[in-house]
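Note that the coordinates shown come from a computational prediction; the quantities given were computed from them, not determined experimentally. Side chains are part of it too, since the values below use all heavy atoms of this structure and drop only hydrogens, waters and symmetry mates. Within every chain, numbering begins at 1; the chains are lettered A, B, ... in the order of the sequence lines, protein sequences first and strands thereafter.
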Protein chains: 2
Amino acid sequence: MIYSRSDVHVIQGIFVVPYKSPDAPLPTLADVAEQAGVSTATVSRCLNSPDKVGKSTRDKVMSAVHELGYSPNFGARALAAKRTNTIGAVIPTMDNAIFARGLQAFEEALNENGLTLLVASSNYEPDREERQIRTLIARGADALLLIGYDRDPGIYEFLSRQGIPTVVSWAHDPTQPQASVGFDNRAASRDLAAHVISLGHRNIGYITANTASNDRARDRVRGARDAMEQAGLDPNGLYLAQTRYSIMNGAEACGALLTKHPDITAIMCGNDVLAVGALRQAQKLGLTVPDDISITGFDDIEISLITEPALTTVHVPHRKMGHAAARYLIDTILSDTPPAPVAPLTTDLCLRGTLAAPKSQI
Amino acid sequence: MIYSRSDVHVIQGIFVVPYKSPDAPLPTLADVAEQAGVSTATVSRCLNSPDKVGKSTRDKVMSAVHELGYSPNFGARALAAKRTNTIGAVIPTMDNAIFARGLQAFEEALNENGLTLLVASSNYEPDREERQIRTLIARGADALLLIGYDRDPGIYEFLSRQGIPTVVSWAHDPTQPQASVGFDNRAASRDLAAHVISLGHRNIGYITANTASNDRARDRVRGARDAMEQAGLDPNGLYLAQTRYSIMNGAEACGALLTKHPDITAIMCGNDVLAVGALRQAQKLGLTVPDDISITGFDDIEISLITEPALTTVHVPHRKMGHAAARYLIDTILSDTPPAPVAPLTTDLCLRGTLAAPKSQI
DNA sequence: TAAATAAATGAAAGCGCTTACATTCAACCC
DNA sequence: GGGTTGAATGTAAGCGCTTTCATTTATTTA
């Protein structure tokens, strides 16, 4: 992949936001200290490591805190402690059950550990992703969750120079240097494709997202090709259609594929959303699924269960992955030594109603 | 400046970026100032209001910035400027297309204005929500997005004392003092129910989320009762089933409702997720929808289009709402005077395949 | 009981930035 | 030409917290 860009490290606040101060100035640590009759150091300790303070002092301080309605100033805290207890995540979009579910689990795990989630979305655009990464760092994120490996190496360098622990998720590739918590898209796709082929399908279509800067999508296509090769078929015989993730796009791509290659007996899809679209389109064209044509998805999100027939797909443990990614980042932040690499998560074939042997074989 | 690969090792075409701990301290404003031969004030101005600085000076400063790879320290900035350019949102869960989609739009709008989104989830638990609100404030959120009105008045008081602009969304009630960007759940539900009743349905079930601390759910039920009353029916004749949002729970509630009240001819649901579950359950019980029983949803999320038949529901403009909520908050922060109240967003009835006149009427 | 040790607390030095105010200097006016 | 003005820049005072180090007080030990 080719990147060209200028290496700009400053995130400017483009908008100057006039600050409206609260009518009454908020109480500070010093106010609490005075009210409790102790030093600011003691108040700070009460709040951050209560066990280092005597019980009676602690009580005095805490009641002063409540009386004044004190809440520590974030900026000051971040500045002095050099930590924000905030973790950033840059995802393509929340508007997709895949990421939403994993992100929700990620947030929950962070929250249990006293950390807060900063979110930004890239809309699958590399430039925008880079900007978002820099923005989150500029917003003080202590660590970062990124989706997939594909990005300018300069970004990884920047992150490392800033000392920001980063984890790549939704993918796992042991040959890559970045820490990851994810699964092997290629192998999972290969397994599913192998099964499709074993049922007798020879003319297979594949509807994928743009593979240019999306290693997950690319690996899923590669996995399907791997399976063809292993079965002695020409991997270039895979009929490809490329589009953006959406039900409608899946439907369109399905129509196009079937028009151009009427001999297709199975259409594999890069994710469930595309598959649902393809399924509907096939049915709209008067085809019976899976008798006339088989369709498979990827991800196993909720909709794969409500189609008729239910969608054959690959189950990805999104919640588990979100949790594990959070766990990894937390461990990284807490200990100075980087934690042991996380083994790839396993995926499972979900054989449901949209896949069967091709008619000619029956 | 082009990305420098000087300290990146290439192994088999893979960039291995050494994980440099931030031992080398990051450059500060003062470093940039020294390198550029100006004062820190000038550097700061270059970054925050470039037009206040002479062109030649600005160029000097910016090249120093690039040379050093400078990126401003967030904590220091927040402390000095009393602003984080960060907006918080506390939502029940991202794991639901309703909130995910609205939140995505919210994030996009914030981002276009140089603001970043902090997210926390409450899982529909009031205590947890309160904790999350306090957490986001402690994390320096400049403003807050909250879902619905229902919460301890003390929270609103706290927010106002902290001077945190807040907007309530996913609901709109002009009788409430809080600013809101949302729609009238009660009226929307009433309209749908009125239509259901006008078709001849008299024995109606309603599957709702827990209404105890969820004004949206409560208002939707109330709207249905309003419609019954207006039609001269006993509003207490509405058969209620209460459960958590999920397809499976919707199915279960549907089964329970039909067992207990076999005379039901229409089941309205508090949202589309419940409705999809109810639809499947009805079909599993051998009923034909809408001939034997009608089913309606609420929200108009993507799945309402892929069921068979497609779901009759209420369209809620989630993306529009997310955008408008962001806009409102941005305006509030920008100007000292609170912006004009936002008119409630309109919802639309989506009459699709799951609603028809009851059989006895035909 | 005195000395040694541990626990609790305080004093104060920053953390890196923004910004009010002071200063400089060139351009402009009558 | 002296005075005025305004733009450009510098000086330095915080912002509110954490944390090191010194000090005081309580506890233990020989």
Using atom [atom1] of [X] as one end and atom [atom2] of [N] as the other, report the distance to the nearest whole Å.
X: Leu47(A); N: dT19(D); atom1: CG; atom2: C1'; value: 15 Å
X: Asn48(A); N: dG16(D); atom1: CG; atom2: P; value: 17 Å
X: Lys82(B); N: dT19(C); atom1: NZ; atom2: C1'; value: 11 Å
X: Leu26(A); N: dC15(D); atom1: CG; atom2: P; value: 14 Å

Can you run down the salt bridge (Lys or Arg N to Asp or Glu O under 4.0 Å) pairs that involve residues 38-55 of chain A, sequence neighbours left out, and say none if there aren't any? Lys55(A)-Asp59(A)
Applying salt bridge (Lys or Arg N to Asp or Glu O under 4.0 Å), which residue pairs with at least one partner in residues 103-124 of chain A are found, sequence neighbours left out?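 Sorted result for residues 103-124 of chain A: Glu108(A)-Arg319(A).
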Assign Ser44(B) to base, sugar-phosphate, or nothing according to its heavy-atom contacts below 4.0 angstrom with the strands shown.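 Here Ser44(B) touches the bases of the nucleic acid.
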Decide whether [X] and [Y] meet the rule of one side-chain donor and one side-chain acceptor closer than 3.5 Å.
X: Gln104(A); Y: Ser121(B); value: yes
X: Glu129(A); Y: Asn123(A); value: no
X: Arg139(A); Y: Thr116(B); value: yes
X: Ser180(A); Y: Tyr328(A); value: no

Can you pull out the residues from residues 68-80 of chain A that lie within a 4.0 Å heavy-atom distance of DNA chain C?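 Only Leu79(A), Ala80(A) qualify.
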By a strict heavy-atom criterion of less than 4.0 Å, which residues belonging to residues 29-37 of chain B are in contact with DNA chain C?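 Contacts with DNA chain C under 4.0 Å: Leu29(B).
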Which pairs count as ring-ring contact (aromatic ring centres under 6.0 Å, His included) when at least one residue sits in residues 34-65 of chain B, sequence neighbours excluded?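 The answer is none; no pair qualifies.
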Could you give all pairs that pass the ring-ring contact (aromatic ring centres under 6.0 Å, His included) test and reach residues 100-141 of chain B, with sequence neighbours left out?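 Output for this query lists Tyr124(B)-Tyr245(B).
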Restricting to side-chain hydrogen bond (donor to acceptor under 3.5 Å, both in side chains), what partner residues turn up for Ser39(B), sequence neighbours left out? Thr42(B)
With Gln176(B), which residues qualify under side-chain hydrogen bond (donor to acceptor under 3.5 Å, both in side chains), at least two apart?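 If we apply the side-chain hydrogen bond (donor to acceptor under 3.5 Å, both in side chains) test to Gln176(B), skipping adjacent residues, there are no hits.
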List, one per line, each side-chain donor-acceptor pair under 3.5 Å for residues 68-78 of chain A, sequence neighbours excluded.
unit_1	atom_1	unit_2	atom_2	d
Asn73(A)	OD1	Gly75(A)	N	2.9
Asn73(A)	OD1	Ala76(A)	N	2.8
Arg77(A)	NH2	Asn48(A)	OD1	2.9

Considering only nitrogen or oxygen atoms on both sides, find all protein atoms under 3.5 Å from nucleotides 5-9 of chain C and state each distance.
unit_1	atom_1	unit_2	atom_2	d
dT9(C)	OP1	Thr57(A)	OG1	2.2
dT9(C)	OP2	Gly54(A)	N	2.7
dT9(C)	OP2	Thr57(A)	OG1	3.3

Side chain to side chain contact (heavy atoms under 4.5 Å, CB included) partners of Ala80(B), counting only residues at least two apart: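 Per chain and number, Ala80(B) pairs via side chain to side chain contact (heavy atoms under 4.5 Å, CB included) with no residue.
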Five pairs per end, C1' atoms only: what is the angle between the end axes of the helix from dT1(C)-dA30(D) to dC30(C)-dG1(D), to 10 degrees? 30°
Test: Asp142(B) and Arg83(B) ion pair at under 4.0 Å: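 Judged by the 4.0 Å cut-off on N to carboxylate O distance, Asp142(B) and Arg83(B) do not form a salt bridge.
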